[in-house]
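Each remark here refers to the structure printed beneath this line.
First the proteins, then the strands, lettered A, B, ... as listed; each starts at 1.
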Amino acid sequence: MLTIYGKTLSSRLFLGTAQYPSPAILADAARASKPALLTVSLRREMAGGKTGSGFWDVVRELGIDLLPNTAGCHSAKEAITTAQMARELFGTDWIKLEVIGHHDMLQPDVFGLVEAARALSAEGFKVFPYTTTDIGVAERLLEAGCEVLMPWCAPIGSARGPQDVQALKSMRGYFPDVPLVVDAGLGRPSHAMTVLELGYDAVLLNTAVAGADDPVGMARAFALAVEAGRLAFESGMLEPRDMAVPSTPTFGMAEFS
Amino acid sequence: MLTIYGKTLSSRLFLGTAQYPSPAILADAARASKPALLTVSLRREMAGGKTGSGFWDVVRELGIDLLPNTAGCHSAKEAITTAQMARELFGTDWIKLEVIGHHDMLQPDVFGLVEAARALSAEGFKVFPYTTTDIGVAERLLEAGCEVLMPWCAPIGSARGPQDVQALKSMRGYFPDVPLVVDAGLGRPSHAMTVLELGYDAVLLNTAVAGADDPVGMARAFALAVEAGRLAFESGMLEPRDMAVPSTPTFGMAEFS
Amino acid sequence: MLTIYGKTLSSRLFLGTAQYPSPAILADAARASKPALLTVSLRREMAGGKTGSGFWDVVRELGIDLLPNTAGCHSAKEAITTAQMARELFGTDWIKLEVIGHHDMLQPDVFGLVEAARALSAEGFKVFPYTTTDIGVAERLLEAGCEVLMPWCAPIGSARGPQDVQALKSMRGYFPDVPLVVDAGLGRPSHAMTVLELGYDAVLLNTAVAGADDPVGMARAFALAVEAGRLAFESGMLEPRDMAVPSTPTFGMAEFS
Amino acid sequence: MLTIYGKTLSSRLFLGTAQYPSPAILADAARASKPALLTVSLRREMAGGKTGSGFWDVVRELGIDLLPNTAGCHSAKEAITTAQMARELFGTDWIKLEVIGHHDMLQPDVFGLVEAARALSAEGFKVFPYTTTDIGVAERLLEAGCEVLMPWCAPIGSARGPQDVQALKSMRGYFPDVPLVVDAGLGRPSHAMTVLELGYDAVLLNTAVAGADDPVGMARAFALAVEAGRLAFESGMLEPRDMAVPSTPTFGMAEFS
Amino acid sequence: MKLIINGCEAQVSATRLDALIRELDHQDQWVATAVNGKMVPRDRRVAHALKEGDRIEILSPMQGG
Amino acid sequence: MKLIINGCEAQVSATRLDALIRELDHQDQWVATAVNGKMVPRDRRVAHALKEGDRIEILSPMQGG
Amino acid sequence: MKLIINGCEAQVSATRLDALIRELDHQDQWVATAVNGKMVPRDRRVAHALKEGDRIEILSPMQGG
Amino acid sequence: MKLIINGCEAQVSATRLDALIRELDHQDQWVATAVNGKMVPRDRRVAHALKEGDRIEILSPMQGG
């Protein structure tokens, strides 16, 4: 089982709550995939507490642990204040820390990220940093107090899947004991499975499920992929070979000539 | 459900029976993955019907439909005689037709393959041809009477996974209504999942399971991967995009400056 | 130097003559890249010998050896008659043999190809077969009398570059002494260079040059790429490594602490 | 022509001077490839000015501009002092700034890198920072005063070539007017050509040349590859297509049936 | 008194943050609040006096990825 | 006599292939010819008598890849 | 009589294929047989006379991929 | 006086950096120098007095990538 910040998680799938056709479909997708965590955010309240309250009622009914995020924050200061407000609003000190460098790539700003991670860890937050595969940045996040790392494998929402498998392998090899969660860039269940096979501990998804033709079916497919990927990792896969090797024994072949 | 030669199959996984540490582990792997078919072969009987009879008792007890192969045959003539003997021995007219061109690649010999497929179809066999992604060869196999095609995606036992995804896509696109089973070259459950996501109907595995550190766990992982891959295909996956796209809505962001 | 059918070629680039903005640009592209061979075809003569005669005058003036093709032929019979007419018209017994299986992929029909190669070789043609990386097909083409093989690396005009590097490596390794020319699928000079680095002897290009914004500059770029790729192959390249290795010596580092 | 820090460079190839079989072979490789810059370092002087003086005499005779590096420095402080000493010793204010995070990956430490780039730019150095494809880091390096960026494309000495082409494309697209030089990770001339085709301005090489069986031939191959890659970029390459497209016109095909 | 609430100018009668939340008909337990870029926890709203031109942020739960 | 020349019906007066080439104003040395799916070499055109309905192919050099 | 059974020379007394299977102590229903490269079905073994030097293949179920 | 030169203890007679360079038989123009982690430019060596235990770095050109 995967344990982060002393808490044992019920699965290796974290699911985002945005962009679903309806709150009901979000709820069905969550029931179909049983994620360990649901990510949520906070936004300006409009018109008397009615904004997205249908959404909020649905999420509370699901009874799944929440991981608030600081999505859209472009500075450490914004992210810190947003995290403080999220802690009160959602009643949890877990926070998915996003500090975004610039718009078109939604790439983590690693300087703002480390600064915010230090400040929030000092305030007792359990920080889940959205980061890159940069190992030097990862070391500073761990020094700052993070007990989990969430590298991207491709730009957010790009659905491209792992773009640099060597970099993912290096990060896994360099931090054998740190929970590593691939956050962002996954488009297909086979992408999620691939990173689990590499030994990553979990994945965080949103667009790939919410944007599918059938989000509920896709949520289930990802849940199975994550389970199978971990099982494959634990079962010891074959290494690729250059030459072909027969499966059926060649000993004892008949001769009909 | 997948239907081939008028028979509806119970799963999209076909499992080979060779190279397991023991017949007992083969049996456990089959129980853990519930394949629709088990592939078997025939070889020279040694010393009074004792050869591999432990194996044979185990396979019969499993009660799973058998798909005999002509593995190791290097000519149409050998393959035809082997198929005839397999039909009597295993009591089925289903045959996985392998005609191998040369040793080091275990590549199908497409000329011998088409010749043998014609002859065996004429004798009433239900031929499952082990072939390449060559579309012209595939057309001749269909003309010969085959109702399923089993292209490789990499050399047998190489465990490399899909080497030419474009060729697999082209074959799927060109034969939208023919059952296509990827046979040979799969090393990881994510490889199997990838071809199911491309719309392939099933996979045939052996080395990737039998050669795993834990064949039973790996068999289960492949079974889940195949199920999830089909579900993903049916649920309509996102297309990859070049630019990053935010999942969390940016509308209503707070301003703390 | 590369020798095919006893003739030593002046370069490792073969250039197609179709699809250029004008005959003059074709001529400039040929002068800029100095190909060993120019491919040409034959078509129905319209209106009194005027069809494409501007083209034909230009090609003759270039004084480069011609390699007529049988492009567009869908049967051995068509290809054989076309080759016979090409031999008379162009005064050469060299023929690029194309027998195309079906329209949308322009994939070689390996059955028609081998049949036509046998017939034409028997008539004294020097056959340059456009084929796939199928090694069994290649063996039959060599048996038929071919002394060169021209595998595709991707569909004609797709500009995708090598789609299955392992298959190209296997073919090169299996036929160490047969001239191998990659024909079709190259889009960028780096694609051509990659196959030369793998030990392929030459490339045949058309669309990638004729369809470039500046065909003359692109022709030159391909000529340099082919020269550099061969030089790299002969100079013995590094193998990729998993770990990083410093280039600057670490011995004798200063200490400023 | 490529201009960096107001100086127009004679080529798009920068060559390292380490790891050659002999100073004479280094000299021949440099003469064969005509690099715009040679990278050098400084180390503890042993035994009366004799250390590597054969090397130093050879490098001076070549008369090629030098780019000293701070290879092996693990902190901004070390890198700054090394740069100051290099400026005096080599008589140039150009410096290839390396601040390495940890040994086994030789990955840039982006925090130390930006700190050192700020300090050195303030002292009037012309900094060539060895960095990653992280766009936020790149923006800080430009703010610090850098007028060129040198991202890796794979770990130093790995010879793997571009590992994340999307990331390289994003960086090029995000900084259209900044000279971008790929430093580290290139193994084959086709790798260098690929990044030039993507619009990168130059490459810096060492191991791929010095470690080749024939460093002189390989140096020449890289020089041609860089020239051809730039020419291809400027000549407007075809985009890859999914479907096959004929090069030879199909209009006017004969009918022999 | 005139305030800037979630980026929009508004004329309100409330003089303390807790009163403002009520005046705007928000559910006290489902909003988080910040004044002039600093968070004001729920239990401090009652004590938090508002000044002309204060920039108020009132945030509530929303979908997130 | 009516022939099918390069896929199109045509009424011609020539009775032999070499005459047909001249009648169609083709350059003898820059065309290759086939009748009813079989090649007719240049030096045999003079001897090749045409029959009503013959399918004639007259091909010339063209761009190729 | 001397036969080549599964590639090895053997001296046997059986003169028909069904007898040979018994003589070799094989389980009749779990072997398939071929003589001189041609399959001999189970029900024809009794009628199949063996000749000096016949090449006999006796095959049984085996692992396969 | 005892110094640490390029990481090794050494007993020297020179009391200034320029003299040390000469005493060690280095070519003045092809070395760069640092004392206790700070660079000492060539033109300041003459004025730079050495102290017992100073850590001296004397660097020269070397291959680099």
Side-chain angles (χ1 to χ4, degrees), chain C residues 14-20 23 26 38-60 66-72 75 77-78 80-91 96 98 106 130 156-157 183-184 204-211, chain F:
Chain C
F14 304 170
L15 189 63
T17 59
Q19 301 181 311
Y20 292 81
L26 159 61
L38 288 177
T39 55
V40 290
S41 69
L42 25 65
R43 286 291 182 271
R44 284 168 165 177
E45 178 64 11
M46 308 300 177
K50 306 294 164 291
T51 310
S53 58
F55 156 75
W56 183 226
D57 297 339
V58 160
V59 166
R60 275 180 296 164
L66 299 182
L67 179 63
N69 71 29
T70 64
S75 71
K77 179 181 180 308
E78 275 178 69
I80 291 165
T81 304
T82 302
Q84 293 166 335
M85 296 172 81
R87 174 158 58 176
E88 180 181 83
L89 194 58
F90 295 108
K96 174 184 166 182
E98 285 186 44
L106 299 173
Y130 164 58
I156 291 179
D183 178 4
L204 194 162
L205 297 164
N206 189 339
T207 313
V209 167
Chain F
M1 168 166 58
K2 190 187 288 173
L3 303 173
I4 300 167
I5 302 174
N6 287 350
C8 310
E9 291 203 343
Q11 190 70 42
V12 303
S13 52
T15 60
R16 294 187 177 275
L17 188 54
D18 63 325
L20 178 66
I21 300 301
R22 282 192 300 280
E23 178 175 347
L24 295 175
D25 186 26
H26 289 322
Q27 299 160 290
D28 184 66
Q29 79 276 31
W30 293 132
V31 296
T33 50
V35 178
N36 300 327
K38 291 215 160 357
M39 179 191 181
V40 179
R42 190 173 293 122
D43 57 12
R44 305 246 196 79
R45 291 174 194 158
V46 60
H48 192 98
L50 301 174
K51 300 184 316 299
E52 183 75 16
D54 275 348
R55 286 176 295 95
I56 316 292
E57 290 288 341
I58 304 173
L59 307 187
S60 58
M62 181 64 62
Q63 298 90 324

Can you tell me if F:Glu52 uses its side chain to pair, donor with acceptor, with the backbone of F:Lys2 under 3.5 Å? yes

For chain F, find which of C:Ser41, C:Pro68, C:Ala18 contributes the most heavy-atom pairs closer than 4.5 angstrom. C:Ser41

Quick check for you: among C:Asn206, C:Leu89, C:Ile80, which has the greatest number of heavy-atom pairs under 4.5 Å with chain F? C:Leu89

For C:Glu78, side-chain hydrogen bond (donor to acceptor under 3.5 Å, both in side chains) partners two or more places apart: none

Can you list everything that forms a salt bridge (Lys or Arg N to Asp or Glu O under 4.0 Å) with F:Arg45? Sequence neighbours excluded, please. C:Glu88, F:Asp28

Could you give me the CA-CA distance, side-chain angles and deciding distance for F:Asn36 and F:Lys51, then say whether side-chain contact (heavy atoms from CB on, under 4.5 Å) is met? CA-CA 10 Å; F:Asn36 300 327; F:Lys51 300 184 316 299; 4.0 Å; yes

Please state whether the side chain, the backbone, both or neither of C:Leu204 comes within less than 4.5 Å of a heavy atom of chain F. side chain

Between C:Tyr20 and chain F, with a heavy-atom cut-off of 4.5 Å, which part of the residue counts as in contact: side chain, backbone, both or neither? neither

